[in-house]
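Both backbone and side-chain heavy atoms feed into the values below; hydrogens, waters and symmetry mates do not. To find a chain, count down the sequence lines: A is the first, B the second, and so on, and within it residues start at 1.
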Protein chains: 2
Amino acid sequence: MKQQPLVDEKIKAFENLCRERGLALTIQRRIILENLSSRYDHPTADQIYEAVKDQIRGVSRTTVYRVLETFVRLGVVAKVSNPHAKARFEADTVRHHHLICLDCNSVADCHDGRLDGIEVPTENCDGFEVRDFSIAITGLCSSCRREKTL
Amino acid sequence: MKQQPLVDEKIKAFENLCRERGLALTIQRRIILENLSSRYDHPTADQIYEAVKDQIRGVSRTTVYRVLETFVRLGVVAKVSNPHAKARFEADTVRHHHLICLDCNSVADCHDGRLDGIEVPTENCDGFEVRDFSIAITGLCSSCRREKTL
DNA sequence: CTCCGTGCAAAAGGTTTGCACTGGT
DNA sequence: ACCAGTGCAAACCTTTTGCACGGAG
């Protein structure tokens, strides 16, 4: 689990954002953000639903989808690109990259300073205005690698 | 449109692959590959279906999905990661990167030599075995940018 | 001639939408 | 008290699957 302080910060920042914009700080939003902030994996909407349904009496899958969509729109969480159908989410908004396993489809984070300095062509590509970038590294995660050699 | 020679090469390579592996070179496979190889965008399975259904009498959506899956398995085309639900495909197998528009969700290619030299940490990340990588650059494409300033 | 590949229809997810109610501000 | 946010159910859309037929090797 991530350090509690990080989760608290995230929640606090979101509380402020809600106040600023007059958004309702509902139990659903709070617990979903709390859950997503405290995990390392990149859960799908459904996995988040499974995780929070015991904490929020009678929460619906629909709400999870809507809350996540709101978070994405606010820039509080990110939708992770991956080559599979399901959308995956993460609360880490610091620039980092993703290790995507070709075998088990898991998505792991990779914070590596060496990759931060990469210069993305800002002007060259047909007038495209660069906002951010992320590297998707595909390969085999350690556990799938282990299985292969067995 | 891409230069015709590129399409021809792609088809020829696929013909050889079929011969080698004893795969059937059906009209469906040929026309779908021809279509995907000749376009610059990153069409969804459905967009390809729309494009080829007039050329292949009575083709079914199912076939398009299955043919694309076959191509991906053979490494002839790639499934592009993007932060939206639908899978997108491309026939360009040379390493390159993607410009993803936050506004219109379009995916454009970016071949930039400066990005080819990037050293991805091969050993650091928890025993992950790196196979390949691709950079997803998010921002605004030129036409969406133009609209915004209007 | 033999199967692989296809078409059809139906199922299986994942995600979105309309509407009425409820809880946060 | 007002209205954004939620729950429910149903719709929607993409993708997958089972089965029988037909065409490529």
Side-chain angles (χ1 to χ4, degrees), chain A residues 11 14-33 35 42-74 76-77 79-89 105 107, chain B residues 11 14-33 35 42-74 76-77 79-89 105 107:
Chain A
I11 299 284
F14 182 61
E15 283 174 0
N16 291 333
L17 198 63
C18 285
R19 228 165 284 138
E20 270 176 41
R21 310 229 194 161
L23 297 170
L25 185 64
T26 61
I27 307 101
Q28 289 87 340
R29 287 181 175 166
R30 173 195 270 279
I31 296 198
I32 290 171
L33 183 56
N35 180 269
H42 297 68
T44 62
D46 206 67
Q47 289 173 315
I48 295 171
Y49 169 74
E50 284 301 322
V52 301
K53 74 175 177 193
D54 292 330
Q55 295 172 68
I56 313 170
R57 196 184 65 89
V59 71
S60 77
R61 220 175 296 265
T62 310
T63 297
V64 175
Y65 277 99
R66 276 194 284 225
V67 168
L68 287 171
E69 189 200 318
T70 304
F71 287 167
V72 171
R73 190 158 25 80
L74 294 172
V76 175
V77 318
K79 216 168 180 172
V80 179
S81 295
N82 78 313
H84 307 94
K86 304 176 203 168
R88 289 174 175 274
F89 300 86
N105 300 339
V107 180
Chain B
I11 299 283
F14 182 62
E15 282 174 0
N16 292 332
L17 198 63
C18 285
R19 227 166 282 139
E20 271 177 41
R21 310 230 193 160
L23 297 170
L25 185 64
T26 60
I27 308 101
Q28 290 86 340
R29 286 181 175 165
R30 172 195 270 280
I31 297 200
I32 290 171
L33 183 56
N35 180 268
H42 297 68
T44 62
D46 205 67
Q47 288 174 316
I48 294 171
Y49 168 72
E50 284 301 323
V52 300
K53 73 175 178 193
D54 292 329
Q55 293 172 70
I56 314 168
R57 196 186 65 91
V59 71
S60 77
R61 221 174 296 264
T62 310
T63 297
V64 175
Y65 277 100
R66 277 194 284 227
V67 167
L68 287 171
E69 190 200 318
T70 304
F71 287 167
V72 171
R73 189 159 25 80
L74 294 173
V76 175
V77 318
K79 215 169 181 173
V80 180
S81 296
N82 79 313
H84 306 94
K86 304 177 202 167
R88 289 173 176 275
F89 300 87
N105 301 337
V107 180

If each of A:Ala24 and B:Val59 is mapped to the nucleotide of DNA chain C with the nearest heavy atom, which maps nearer the 5' terminus, i.e. the 5' end? B:Val59
Rounded distance in Å - [atom1] ([X]) to [atom2] ([N]):
| X | N | atom1 | atom2 | result |
| --- | --- | --- | --- | --- |
| A:Ile31 | D:dG5 | CD1 | P | 17 Å |
| A:Tyr49 | C:dG13 | OH | C1' | 16 Å |
| B:Ile56 | C:dG7 | CD1 | P | 8 Å |
| A:Arg61 | C:dG13 | CZ | P | 12 Å |
| B:Leu25 | C:dC3 | CG | P | 21 Å |
| A:Lys86 | C:dG13 | NZ | C1' | 8 Å |
| B:Arg73 | D:dT16 | CZ | P | 12 Å |
| B:His84 | C:dG14 | NE2 | P | 19 Å |

Kindly say if B:Gln28 contacts the phosphate of C:dG7, meaning a side-chain N or O under 4.0 Å from OP1 or OP2. yes
Does a nitrogen or oxygen in the side chain of B:Thr63 sit under 4.0 Å from OP1 or OP2 of C:dT6? no
Please evaluate the base of D:dG7 for a donor-acceptor partner in the side chain of A:Arg66 within a cut-off of under 3.5 Å? yes
Check whether any side-chain heavy atom of A:Asn16 sits under 4.5 Å from a side-chain heavy atom of A:Arg19, and report yes or no. yes
Which nucleotide, [options], lies nearest any side-chain atom of [X]?
| X | options | value |
| --- | --- | --- |
| B:Val67 | C:dT6, C:dG7, D:dT15 | C:dT6 |
| A:Ile27 | C:dG24, D:dT17, C:dT6 | C:dG24 |
| B:Tyr65 | D:dT16, D:dG7, C:dT15 | D:dT16 |
| A:Arg29 | D:dG5, C:dT25, D:dT15 | D:dG5 |
| A:Leu23 | D:dC8, C:dG7, D:dG5 | D:dG5 |

Does any N or O in the side chain of [X] come within less than 3.5 Å of the main-chain N or O of [Y], such that one atom is a donor and the other an acceptor?
| X | Y | result |
| --- | --- | --- |
| A:Arg29 | A:Ala24 | yes |
| A:Gln47 | A:Thr44 | yes |
| B:Thr63 | B:Val59 | no |
| B:His42 | B:Val107 | yes |

Taking the nucleotide of DNA chain D with the nearest heavy atom to each, does B:Gly22 or B:Thr44 sit closer to the 5' end? B:Thr44
DNA chain D: 5'-proximal contact among B:Thr26 and B:Glu69 (nearest heavy atom): B:Glu69
